[in-house]
Amino acid sequence: MTRIRHQSLACSPGCAVEATLQLIDGKWKGVILYHLLQGTLRFNAIRKRLPNITQRMLTTQLRELERDGFVLRTVYPEVPPKVEYSLTPRGRTLEPVIMALKAWGDEHTEFRHGPEICADHDGIFSPAAKGIE
């Protein structure tokens, strides 16, 4: 968990930004939220869309998102257990924030795209992300 810089986050108008970023910080939380905007997903479906995340990190990020009230984890009592993740109503309120981040990234980070592997919103590896034209 990141260190809180202020004891109270009511110190200035900028503190609301700091508080928001503390809730969705981490390398993967924003991307997980982005994929869950598409609908309910099982653990392995999320993992397939994020090929560079470890199972442990995905579990940790999902638990934190659940703890903070953004993600709902539903366990179905069957063998083998079926677990689904979806956004809560609070998580859905982040849609404009996540989509604004995506739009900004689409516009301003093209120069950073190289031959590394990226998954698009459908979890399909796009040729452009692989550096293939």
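All values below were derived from every heavy atom in this structure, side-chain atoms included, with hydrogens, water molecules and symmetry-related copies excluded. Keep in mind the model is a prediction, meaning the values are calculated, not measured.
Residues passing the side-chain contact (heavy atoms from CB on, under 4.5 Å) test with V79: none are found, sequence neighbours excluded. In this view, E84 and K82 satisfy the salt bridge (charged side-chain N to carboxylate O under 4.0 Å, His left out) rule, not counting sequence neighbours.
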task: List the steps, then state whether side-chain contact (heavy atoms from CB on, under 4.5 Å) holds for I32 with L58.
output: CA-CA 9 Å; I32 292 167; L58 179 56; 3.6 Å; yes
query: Are R49 and L41 close enough, and set up right, to give a side-chain contact (heavy atoms from CB on, under 4.5 Å), and what steps lead you there?
result: CA-CA 10 Å; R49 292 175 183 219; L41 294 170; 3.9 Å; yes
- request: Carefully, step by step, assess R73 and V83 under the rule side-chain contact (heavy atoms from CB on, under 4.5 Å).
  value: CA-CA 7 Å; R73 180 178 185 261; V83 180; 3.7 Å; yes
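Residue R56 holds its CZ atom at 12.0 Å from CD of Q61, rounded to the nearest 0.5 Å. Here L72 contributes atom CG and E66 contributes atom CD; the two are 7.5 Å apart, rounded to the nearest 0.5 Å. Rounded to the nearest 0.5 angstrom, L62 CG and L36 CG are separated by 7.0 Å. Here the straight-line distance linking atom CD of Q55 with atom CD1 of I53 works out to 10.5 Å at 0.5 Å rounding. One finds the CD1 atom of I98 at 11.5 Å from the NZ atom of K29 (value rounded to the nearest 0.5 Å). Taken to the nearest 0.5 Å, the CE atom of M57 stands 9.0 Å off from the CH2 atom of W28.
Legend: side-chain hydrogen bond (donor to acceptor under 3.5 Å, both in side chains) pairs involving residues 88-100, not counting sequence neighbours: none detected. The ring pair (Phe, Tyr, Trp, His ring centres under 6.0 Å) analysis of residues 73-107, with sequence neighbours excluded, yields the pairs W104-H108.
The shortest side-chain heavy-atom distance between F70 and E64 does not fall under the 4.5 Å cut-off.
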